[in-house]
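One structure is given here, and the rest of the page talks about it.
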Number of protein chains: 2
Amino acid sequence: MKKSDRSVTIKDIAREAGVSISTVSFAFNGTAPVAPETKERIFEVIKRLNYQPNSAARGLVTRRTNNICLFTPQPASGFFSFAGNSVFTHLLQGIGEILDQKDYNLLISWDNLGHKAKTPKLIKLMRERAMDGLLICLPSHDSSVIEELLEHRFPVVIIGSNGLKNQVNSVDVDNYDIAFRNVQHMLALGHTRIAFISPGPLEYLVCEDRLEGYRDALEEAGIRYRDEYLFIGDEHEGSGYRATDAFLSLKEPPTAIVSGRDTQAVGVCEYAKAHGLSIPDDLALISFENSELAEKYGISSVTTDLYEIGKEGARLLYKLLTRKKERSAQNIVIPSELIIRSSCGGANQNINHSRR
Amino acid sequence: MKKSDRSVTIKDIAREAGVSISTVSFAFNGTAPVAPETKERIFEVIKRLNYQPNSAARGLVTRRTNNICLFTPQPASGFFSFAGNSVFTHLLQGIGEILDQKDYNLLISWDNLGHKAKTPKLIKLMRERAMDGLLICLPSHDSSVIEELLEHRFPVVIIGSNGLKNQVNSVDVDNYDIAFRNVQHMLALGHTRIAFISPGPLEYLVCEDRLEGYRDALEEAGIRYRDEYLFIGDEHEGSGYRATDAFLSLKEPPTAIVSGRDTQAVGVCEYAKAHGLSIPDDLALISFENSELAEKYGISSVTTDLYEIGKEGARLLYKLLTRKKERSAQNIVIPSELIIRSSCGGANQNINHSRR
DNA sequence: CTGAAAGCGCTTACAG
DNA sequence: CTGAAAGCGCTTACAG
């Protein structure tokens with residue numbers, strides 16, 4: 001008996017099949033022609049001995065690990081993963097599906113929401129060559145890490161907004177456009193006093209983009225932007241509730257609310273219920289995300305297809321990894337769709353948000 | 001200028017510092033005494049050149065990758081990740097925290113909920129030596145893959161229930177015990193007609209364990225188990241709603257429901273609301289998980305601390321990885337706590353679920 | 001305390 | 001079509 005603790009190596013196969021290790025390698029990888037009979041013999045042995053090339057040894061010479069790393073805010077952090085939302089899991093699902101079919105493994109790593117973190121972790125992983133490419137989703141402005149990666153020409157795709165548009169590959173929905181159209185929808189329904197709840201602090205680019213879309217749509221319609229119609233919310237229902245309370249205590253309360261995310265919209269609904277207000281009659285409501293909550297509460301909401309975003313991100317990264325020549329950065333926009341429900345009082349039709 | 005595309009290797013450091021590569025290795029890893037001055041010189045160069053050992057090269061000789069793999073059902077699969085529940089992300093958070101501090105990377109991989117899948121993926125990863133250890137969470141009975149891993153003495157920790165208790169290390173809450181005590185709680189409140197909603201199909205061991213705890217508690221109280229008091233639910237609210245409907249159409253409807261998960265309990269609440277029933281007066285309710293939903297709806301629920309489960313799982317795996325001598329399998333039980341809210345009509349006190 | 005050398009398990013020119 | 005050999009970048013006995 002052989003020592004059973006050692007894994008089977010290419011040498012074992014070569015010896016057992018009576019060929020050289022190069023031939024085994026050529027046969028296994030199909031990287032050079034091998035006589036049919038030899039090939040057959042080799043594969044018989046490979047199957048019998050359950051041979052699988054050692055990834056470290058292989059990686060050492062090929063300089064590839066077949067590992068992709070997804071770098072995110074902490075999975076349980078408020079902004080990204082919260083009740084009623086499965087943002088994170090859908091993203092993972094999309095990424096995983098593509099990587100799986102391309103035979104890449106998924107590493108996952110995170111820091112403290114992007115800001116303060118020194119983030120040497122990512123740089124360390126790059127220097128160690130522990131991964132071949134990187135999918136980053138950091139909603140904040142801080143892009144020093146990303147810049148360092150780019151300097152080293154490390155393959156990177158950004159999921160979501162980033163401050164380096166045109167310099168780095170990215171995939172996202174068009175947050176600006178969605179906000180713009182949501183406001184337009186309300187305008188079309190006759191509203192002029194339209195408030196906005198930011199999905200989170202304005203340091204996050206998603207939030208900034210949505211706010212900007214909101215402002216520009218108002219401006220285009222010749223409607224003055226008012227500070228008191230902006231509420232900086234967070235990922236909790238409560239922020240939608242408080243926003244509504246704040247809005248409705250104004251001398252000139254808004255008649256419509258553009259909510260930055262579905263959980264907030266639920267808060268708006270809860271406020272309305274608690275105060276005997278009708279949505280959409282007393283207050284029209286439209287939101288972002290189109291999560292299960294939007295459906296449950298009958299809230300009109302624009303889809304943010306994170307599954308699709310994940311898939312496209314992984315595909316783009318794979319392209320970077322396999323293409324020889326460098327290409328200029330690509331910014332992929334995943335289309336969104338406005339799902340109209342009872343909350344905004346509009347006709348019951350869906351509107352495609354095309355790329356602007 | 002040097003070619004900037006090549007990463008800096010141990011040779012570069014050795015040359016620049018005027019020592020041999022062994023000395024650099026000794027200094028960097030602290031694996032043999034090195035003269036203070038030499039050490040200082042070496043680290044100066046390391047810092048200046050941003051040296052980080054190539055992980056493949058290192059792994060090839062040490063036979064370690066510093067990668068741990070988390071194997072789960074698909075992240076977006078119904079049972080594990082659904083609206084109102086952040087099971088998956090909390091688990092990730094706990095695991096990641098420990099791995100981070102032990103300097104391990106997290107690989108993540110999944111199959112189609114454990115059943116049918118041929119799962120060569122996991123075996124392949126093991127044979128390639130792409131990971132040092134494995135955290136598996138597969139709620140189903142199928143343990144052939146796990147058995148194969150164990151045969152190879154591959155370090156494995158199971159998250160959750162498994163059919164191989166005592167043969168394999170695991171971490172979980174005590175589902176049987178929680179169900180048992182939930183029923184006891186209802187019994188103590190005077191209920192005798194107590195129904196149970198299974199959190200999912202009985203092929204899942206969690207479900208089986210909870211059902212068994214339910215049955216045994218009834219039996220101990222001398223109460224006959226009735227088939228019509230069992231409803232096999234799923235991860236959606238709707239199943240709780242339908243269960244309630246089914247229960248209340250019986251000639252002898254239950255007066256209390258033990259719900260298998262919080263989403264279902266919400267369904268029970270929605271049914272009650274829709275039919276003008278009071279919880280707990282017309283129907284008492286107690287659940288599992290204690291998610292944000294339980295709080296929002298005032299549902300008494302027992303905590304399932306997946307963050308803690310993740311941490312303990314990672315810690316246990318780390319022990320397996322660093323301990324020389326093999327030890328018999330450990331089954332860690334994470335304590336749960338019953339959080340009493342208005343839904344069961346009990347006194348407003350929390351009860352510790354100790355290990356049975 | 002330090003260096004020369006072997007070797008981890010592969011891939012890949014290079015001969016033949 | 002096949003094999004002998006170099007080499008990927010480290011760690012680790014082994015001398016000294």
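Worth knowing before you read on, the calculation uses all heavy atoms, side chains too, and leaves out hydrogens, waters and symmetry mates.
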query = Among side-chain atoms of B:N54 and A:R63, is any donor-acceptor pair under 3.5 angstrom?
reply = no
inquiry  = Check this for me, if you would: do A:R127 and A:E148 make a salt bridge, where the nitrogen-to-carboxylate-oxygen distance has to be below 4.0 angstrom?
reply    = yes
ask   = Whole-Å distance between C:dC10 C1' and A:R63 CZ?
value = 13 Å
request  = Determine which nucleotide pairs with C:dC1, using a 3.5 Å limit on both distances of a Watson-Crick or G-U wobble pair.
outcome  = D:dG16
task = Could you check whether B:S55 gets within reach of a base, just the sugar-phosphate, or nothing at all, counting any heavy atom under 4.0 Å?
result = nothing
request  = Specify whether A:Y51 and A:F28 have parallel, tilted or perpendicular ring planes, treating 30° as the upper limit for parallel and 60° as the lower limit for perpendicular.
outcome  = perpendicular
ask   = Where do B:E40 and B:E44 land on the side-chain contact (heavy atoms from CB on, under 4.5 Å) test, with the steps shown first?
value = CA-CA 6 Å; B:E40 201 177 333; B:E44 182 274 317; over 6 Å; no
query = Where each residue is assigned the nucleotide of DNA chain C containing its nearest heavy atom, which of A:A57 and B:P36 is assigned the position nearer the 5′ end?
reply = B:P36
ask   = Nearest to the side chain of A:P53 - D:dT11, C:dC10, D:dG9?
value = C:dC10
key: Distance-only polar pair, side chains of A:R323 and A:Y318, donor-acceptor under 3.5 Å   = no
inquiry  = What contact category does A:P33 fall into here, base, sugar-phosphate, or nothing, at under 4.0 angstrom with non-hydrogen atoms?
reply    = base
ask   = To the nearest angstrom, how far is A:I10 atom CD1 from C:dT12 atom P?
value = 11 Å
key: Interatomic distance where CD1 belongs to B:I13 and C1' belongs to D:dG9 [whole Å]   = 12 Å
task = Salt-bridge test for B:D12 and B:R48: reply yes if a basic N is under 4.0 Å from a carboxylate O, no otherwise.
result = no
Nearest-neighbour nucleotide for the B:T38 side chain, C:dT11, D:dG9, C:dC1 considered = C:dC1
ask   = Quick one: B:K11 NZ to C:dA4 C1', roughly how many Å, whole number?
value = 13 Å
inquiry  = Closer than 3.5 angstrom, by distance alone: can the side chain of B:T62 be matched with the main-chain N or O of B:R58 as a donor-acceptor pair?
reply    = yes
query = Quick one, which residues of residues 19-30 of chain A touch DNA chain D with a heavy atom under 4.0 Å?
reply = A:V19, A:S20, A:S22, A:T23, A:F26
ask   = Between D:dC10, C:dC1, C:dT12, which nucleotide gets closest to the side-chain atoms of B:A35?
value = C:dC1
task = Figure out the CZ/P separation between B:R58 and D:dC8, and round it to whole Å.
result = 19 Å
